[in-house]
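Chain identifiers are assigned alphabetically (A, B, ...) following the order of the sequence lines, protein sequences preceding nucleic acid strands; residue numbering begins at 1 within each chain.
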Amino acid sequence: MIRFLLRRLLLTVPVLLGLTVLVFIIGRMLPGDPVALAAGPNASAAEIADVAREFGLDRPLLTQYGSYLSGLLRGDFGVSIFTRRPVAEDLAAFLPATLELVFAAMFIAVAVGLPMGLATAVWRDRWPDAVSRVAALGAISMPRFFLGLLLQLGFAMWLGWLPLSGRFPITEDPPPWVTGFLTIDSLMAGDLYAFGVACQHLLLPALAMSLSPLATIMRMMRASTLEVLQQDYVLTERALGLSRSLILFKYVSRNAVAATLTVIGLYFGWLLGGTVLVETVFDWPGIGLYATKSVVSQDFMPVIGVTLVIGTIFVVSNLLVDVAQGLVNPRVRVE
Amino acid sequence: MTALLEIQGLHLGMQSFDGEAHVLNGIDLTINRGEIWGVVGETGCGKSLTGLSVSRLVPTPPARYRAGRILFEGQDVLSMPESELRKLRGRRIGMIFQDPTTNLNPSFRIGDQLVDVALAAARHSERTTRVAARDLAARMLDKVGIPNAASRLDDYPHQFSGGMRQRVLIAMALIGQPSLLIADEPTTALDVSVQAQVLALLKGMVAETGMAVMLITHNLGVVAQSCTHVAVMYAGNIVESGRVAQVIRRPAHPYTQALLAAIPTRHVARGALQGLAGSVPDLLAPPPGCRFAPRCAHASAACATLPATVAVEGGHRVACVLAHA
């Protein structure tokens with residue numbers, strides 16, 4: 001198992017290396033002159049050249065790439081030519097917010113989607129199934145930012161139950177920074193009030209993000225449950241007197257979940273790369289917002305940094321799905 | 001004393017896109033304790049559906065019971081509530097199916113599956129613990145001839161060969177000590193050499209427990225070897241039934257005669273196999289009367305009405321006008 005993990009991790013290195021090359025080249029080929037932008041509207045040619053020299057942008061592309069790579073090995077993601085802050089520091093500040101949001105969204109999607117998929121399979125073609133089918137289609141087709149706006153309108157503006165946007169009110173003291181996850185940090189500090197506040201802020205954006213993966217997971221789970229219910233071993237289990245609930249919740253669900261796991265892993269990476277709109281609507285200080293701002297100002301170091309981090313997490317989450325597959329399905333377990 | 005299993009005039013319709021197929025057309029079958037019944041017939045004749053009906057495992061819809069009763073120890077299975085049925089399944093009626101590679105749940109250790117069946121089959125008076133059930137599971141595996149039974153409980157189905165998996169399934173079907181075992185083609189998916197072993201195992205277990213067996217097969221050789229009684233089915237009817245010795249030595253129904261004639265013997269020349277002309281009737285629009293008549297060499301005008309089943313000699317019953325004389 002350890003060897004399998006190590007081998008898979010080693011295999012991700014060339015993938016990520018290729019990613020750096022692509023992003024590096026695309027970043028430089030974009031039209032516009034970021035250096036001139038950074039130097040200011042009234043900068044002279046000499047001043048622009050100074051800025052370029054300061055960031056090493058006057059050197060050949062290959063040299064720049066080489067020094068970026070050697071920086072990466074030391075955990076150095078370069079420096080933003082706009083804010084002149086190290087990208088690594090920015091990522092450390094913004095990434096936890098996005099991860100917390102994505103984890104919360106995936107938690108909702110899995111915790112609701114799997115049981116609902118099982119339930120709709122059992123009640124196949126009766127009204128709960130029909131209702132959920134229509135709802136799922138709606139959830140998948142509705143853009144997330146629009147859904148976010150609707151949720152804000154309903155729960156924040158009309159009902160006033162939840163805060164409109166933001167991650168934590170500036171008027172309150174945030175818990176001491178440990179993991180960067182406000183929910184976890186507040187629990188670790190034993191501050192239940194802060195935990196409540198963090199959850200209130202998390203709920204609406206997480207809901208907005210969770211609905212489309214929830215619908216997909218539910219439909220996948222329904223399909224795989226229906227398939228498993230057709231299997232010979234389910235007939236044997238019934239023929240030998242196992243109760244309906246034991247068959248469904250123990251014997252059928254594990255087989256059905258195995259088929260759904262892959263989708264869950266894919267969605268995780270997909271959500272991570274697609275947080276921008278939801279973060280914008282909810283003013284959530286995550287890497288999506290950070291990446292958008294950087295793209296707009298043609299600040300390519302942060303863009304490369306964000307892409308690399310998302311790519312890495314995508315690869316790792318797929319690796320985790322493979323490991324989980326082995327836990328659920330003994331036939332794909334690696335010795 | 002009531003018979004263990006009594007199927008009376010069972011009619012089963014199966015809904016399809018083209019209408020309702022009349023797949024069981026009045027099945028009568030009585031199985032007493034200690035009898036081993038072979039139910040033979042070609043694919044689609046309804047033998048598996050008959051077996052599944054005994055535990056009411058045929059999904060309704062698309063199937064529909066149009067008439068008849070299935071009495072197990074005097075109780076009508078078809079009108080029983082689901083909760084009562086579950087007390088029969090695994091506990092009074094054990095079942096084994098054809099393909100051992102698909103009938104064990106691939107995601108669970110076989111010990112887990114055996115223990116759950118044992119627990120489900122335990123009567124209320126003898127509520128067992130998981131530990132005790134595991135003990136029983138190990139003993140059952142040992143009985144069906146799996147070496148190192150106790151340690152193999154922790155293995156997954158894919159770690160067993162086909163023959164071994166069928167042994168596991170036999171252990172699973174018998175762990176609740178049923179009084180009737182329904183085995184639906186239990187050896188069809190196995191190698192010939194393994195077939196003989198599994199059959200011998202089944203015979204041994206039956207001799208030890210004294211349970212009755214309904215052995216569904218299309219292999220008359222298997223019937224001749226292992227059964228005390230045989231019922232020959234054709235297109236939803238039992239055309240002939242009785243003791244193996246009676247039916248196989250003196251077959252009275254033309255279909256049984258044709259089946260027996262189709263088995264090659266040592267004296268048959270190479271390439272000269274005897275078949276049966278024609279094909280199975282369309283059950284959406286079966287021929288009126290005897291369903292075998294269109295393929296029958298002895299068919300006459302009398303075959304246009306369904307022939308009554310008559311006794312030829314003690315227990316040997318035939319549904320054919322030829323026997324009516």
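Neither the backbone nor the side chain of B/Q98 comes within less than 4.5 Å of any heavy atom of chain A. No part of B/L88 comes within reach of chain A, as not one of its non-hydrogen atoms sits under 4.5 angstrom from that chain.
In this structure, B/M172 CE and A/E237 CD are separated by 6.5 Å, a value rounded to the nearest 0.5 Å. How far CG of A/L246 is from CG of B/D116: 4.5 Å, rounded to the nearest 0.5 Å.
Across A/L240 and B/M95, no two heavy atoms sit closer than the pair CD2-N, 3.7 Å. Between A/G241 and B/A120, the shortest heavy-atom contact is O-CB, 3.5 Å.
Residues of residues 122-131 of chain A lying under 4.5 angstrom from chain B, judged on non-hydrogen atoms, do not exist.
The number of heavy atoms from other shown groups lying within 6.0 Å of CZ (A/R244) does not exceed 12. For B/K143, the NZ atom counts as loosely surrounded, since its 6.0 Å shell holds 12 or fewer non-hydrogen atoms of other residues, nucleotides or ligands. Applying the 6.0 Å contact sphere to CD of A/E227 captures no more than 12 heavy atoms from other residues, nucleotides or ligands. The number of heavy-atom neighbours closer than 6.0 Å to CZ of A/R133, taken from other residues, nucleotides and ligands shown, is above 12.
Among B/L52, B/I175, B/V117, B/L57, the residue with the largest count of heavy-atom pairs under 4.5 Å with chain A is B/L57. Options A/V234, A/V228, A/L235, A/V252 differ in how many heavy-atom pairs under 4.5 Å they form with chain B, and the most are formed by A/L235.
The side-chain heavy atoms of A/Y233 and B/Q113, taken from C-beta on, include no pair separated by under 4.5 Å.
Taking A/Y267 as the reference, A/W270 meet the ring-ring contact (aromatic ring centres under 6.0 Å, His included) condition, with sequence neighbours excluded.
Put simply, the side chain of B/N105 gets close to the backbone of A/Y251: a donor and an acceptor are under 3.5 Å apart.
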